[in-house]
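Hydrogens, waters and symmetry mates are skipped; everything else that's a heavy atom, side chains included, is used. For the single chain, residues carry numbers from 1 onward in sequence order. Being a predicted model, the structure only gives us computed values, none of them experimental.
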Amino acid sequence: MALKARNTNPRYSKLTVGTAPDSWGVWFPEDDKQVSWTTFLDEVAEAGYEVIETGPFGFLPTDPETLMAECAKRGITVVAGTQFGVLHRAEDWDKTEADMRANAEVLKAVSAKYLVYLPPMLRDLQTGGWAEDPNLSEDDLALFAANANRLGKILKDEYGITMVVHPHGDSHIETREQIDRFFAATDPEYVSFCLDTGHLEYGQVDTVDLIKSYPDRIGLVHIKQMDPAVVQKVRDEDLSFGEAVSLGVCVTPDGGQPKVAAVIEALADLDKDLYVIVEQDLYPCAPDVPLPLAIETRKVLAQNNLGLL
């Protein structure tokens with residue numbers, strides 16, 4: 001495994017590059033605007049990636065034997081999954097727990113080690129309408145942190161899965177202040193950090209500084225870039241994240257910020273094993289768009305010491 005996913009230079013050899021359905025315009029388990037899961041896996045292999053996240057639960061097969069067989073015949077290894085969930089409302093705990101357990105069962109069966117927790121979007125990804133109150137009370141914030149600890153403990157103790165919490169544009173964990181507050185209130189033993197460079201840029205957070213601030217909390221990385229001009233337009237016009245993506249906010253490296261070289265060097269300085277998963281938000285896009293971008297991205301990352309060509 002990982003013949004091309006890791007650079008052989010000792011400085012960078014602990015960083016393993018991978019990709020995700022997001023880079024193929026996949027945001028939902030089923031959607032007629034998305035490519036099929038077989039196309040995704042075929043094109044991942046064609047682009048030269050050997051490591052993936054599963055993306056929205058149900059997009060890829062949820063039968064572990066099928067998932068492993070389909071990945072194995074393409075030389076692909078699953079290392080993580082993703083799951084939205086609501087942790088700041090007591091009445092939503094049961095559903096969130098059930099969703100996370102279902103996902104974790106599959107991940108455990110295929111020997112993946114990480115489950116990315118995504119906070120709920122403030123505005124609907126498809127309609128842009130408000131779905132959440134952007135201002136949480138002190139009690140809401142306390143419950144959010146407590147339930148994150150609770151969920152992380154379940155995943156670690158019962159499934160051997162590390163929960164990595166993903167700051168996200170248009171969510172309650174977006175700005176540096178929100179990130180610092182959340183991670184200060186959660187237990188490092190159970191709540192790790194999915195460092196998403198694009199969403200940090202979207203939230204106007206300095207990625208390299210954040211890496212230096214949280215060397216021990218970072219468990220997984222999503223590497224992507226944003227167009228600063230579009231981010232500024234989003235701020236000026238108070239647009240939703242879905243609208244931002246439709247405007248092309250997420251760009252192919254190295255056409256945006258933060259620059260991949262600076263990020264990769266900061267990650268190499270940590271001297272720890274990390275999966276660095278490529279994501280480029282493209283939903284919705286024509287089916288012939290993702291593959292050339294995925295190939296170009298892998299080339300740019302390899303030129304900057306993340307993986308090999």
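A side-chain N or O of W27 and one of D22 form a donor-acceptor pair less than 3.5 Å apart. For D140 and S137, the side-chain atoms include at least one donor-acceptor pair closer than 3.5 Å. A side-chain N or O of Y12 and one of E265 form a donor-acceptor pair less than 3.5 Å apart. For the residue pair Q280 / T252, a side-chain donor-acceptor distance below 3.5 Å is found, with atom types taken as modelled. Side chains of R6 and S13: a donor-acceptor N/O pair is absent below 3.5 angstrom, by distance only. Using a 3.5 Å distance cut-off with no hydrogens or angles, the side chains of D180 and Y214 do pair a donor with an acceptor. A side-chain donor from one of S240 and E243 sits under 3.5 Å from a side-chain acceptor of the other.
Here the CG-OG1 distance, from N305 to T8, works out to 9.5 Å after rounding to the nearest 0.5 Å. Atom CG of D281 sits about 4.5 Å away from atom SG of C250, to the nearest 0.5 Å. Rounding to the nearest 0.5 Å gives a distance of 7.5 Å between CG of L60 and CH2 of W37. Summarising the geometry, atom CG belonging to L141 is positioned 10.0 Å from atom CZ belonging to F182; distances are rounded to the nearest 0.5 Å. Rounded to the nearest 0.5 angstrom, W130 CH2 and L122 CG are separated by 5.5 Å. One finds the OG1 atom of T197 at 5.5 Å from the CD1 atom of I223 (value rounded to the nearest 0.5 Å).
Proximity of the aromatic rings of F84 and Y117 is defined here by a centroid distance below 6.0 angstrom, and this criterion is not met.
Across every non-hydrogen atom of A302 and L309, the tightest pair is CB-CG, 3.7 Å. For the pair V260 and P253, the tightest heavy-atom approach, listed with the atom from each and the gap, is CG1-CB, 3.9 Å. Nearest approach of A261 to N304, heavy atoms of both residues: CB-OD1, 3.3 Å. Here the shortest heavy-atom pairing between M121 and A131 reads O-CB, 3.9 Å. Between P167 and C194, the shortest heavy-atom distance links the atoms CD-O, 3.4 Å. The two residues L107 and A80 have their closest heavy-atom pair at CD2-C, 3.7 Å.
Following chains of ILVMFWY side-chain contacts shorter than 4.5 Å, one can reach V276 starting from I76, so the two form part of one hydrophobic cluster. Cluster membership for L118 and F59, using ILVMFWY side-chain heavy atoms within less than 4.5 angstrom, is not shared.
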Donor-acceptor pairs under 3.5 angstrom involving side-chain atoms of residues 85-92: please list them, not counting sequence neighbours.
residue : atom : partner : partner atom : Å
H88     : NE2  : E132    : OE1          : 3.1
R89     : NE   : D92     : OD2          : 2.7
R89     : NH1  : E132    : OE1          : 2.8
R89     : NH1  : E132    : OE2          : 3.2
R89     : NH2  : D92     : OD2          : 3.2
R89     : NH2  : E132    : OE2          : 3.1

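The closest side-chain heavy-atom distance from R176 to Q204 is not below 4.5 Å. When side chains are defined from C-beta on, L155 does not count as touching Y190, because their heavy atoms never get closer than 4.5 Å. Contact check for V165 versus F193: no side-chain heavy atoms found under the 4.5 Å cut-off. I211 is listed as a side-chain neighbour of I218, based on a closest heavy-atom distance under 4.5 Å. With contacts defined as side-chain heavy-atom distances shorter than 4.5 Å, the pair V79/T16 does not qualify. The shortest side-chain heavy-atom distance between M226 and V251 does not fall under the 4.5 Å cut-off. By the 4.5 Å heavy-atom criterion applied to side chains, V26 and P56 are counted as neighbours. Counting only heavy atoms from C-beta outward, the side chains of L291 and F40 never approach each other to under 4.5 Å.
With salt bridges taken as basic N to acidic carboxylate O contacts below 4.0 Å, none links K113 and E53. Classification of R101 and E158 as a salt-bridged pair holds, one side-chain N sitting under 4.0 Å from a carboxylate O.
Judged purely by atom type and a 3.5 angstrom limit, E50 uses its side chain to pair as donor or acceptor with the backbone of K4. Side-chain N or O atoms of E97 include none that pairs as donor or acceptor with a backbone N or O of W93 at under 3.5 Å. The backbone N or O of V191 sits less than 3.5 Å from a side-chain atom of R217, completing a donor-acceptor pair.
When the shell of 6.0 Å around NZ of K212 is examined, it contains 12 or fewer heavy atoms from other residues, nucleotides or ligands.
The side-chain tip of R181 does not point at the ring of F144 from less than 6.0 angstrom away and within 45° of straight on.
Residue pairs meeting the salt bridge (charged side-chain N to carboxylate O under 4.0 Å, His left out) criterion with at least one member in residues 283-293: none, sequence neighbours excluded. For residues 163-172, the set of pairs meeting the side-chain hydrogen bond (donor to acceptor under 3.5 Å, both in side chains) definition, not counting sequence neighbours, comprises R123-D170, H166-D196, H166-H222. For residues 57-70, the set of pairs meeting the side-chain hydrogen bond (donor to acceptor under 3.5 Å, both in side chains) definition, not counting sequence neighbours, comprises D63-T66, E70-K73, E70-R74. Counting only residues at least two apart or in different chains, salt bridge (charged side-chain N to carboxylate O under 4.0 Å, His left out) contacts with residues 292-309 are absent.
With sequence neighbours excluded, the residues satisfying salt bridge (charged side-chain N to carboxylate O under 4.0 Å, His left out) with D269 are R11.
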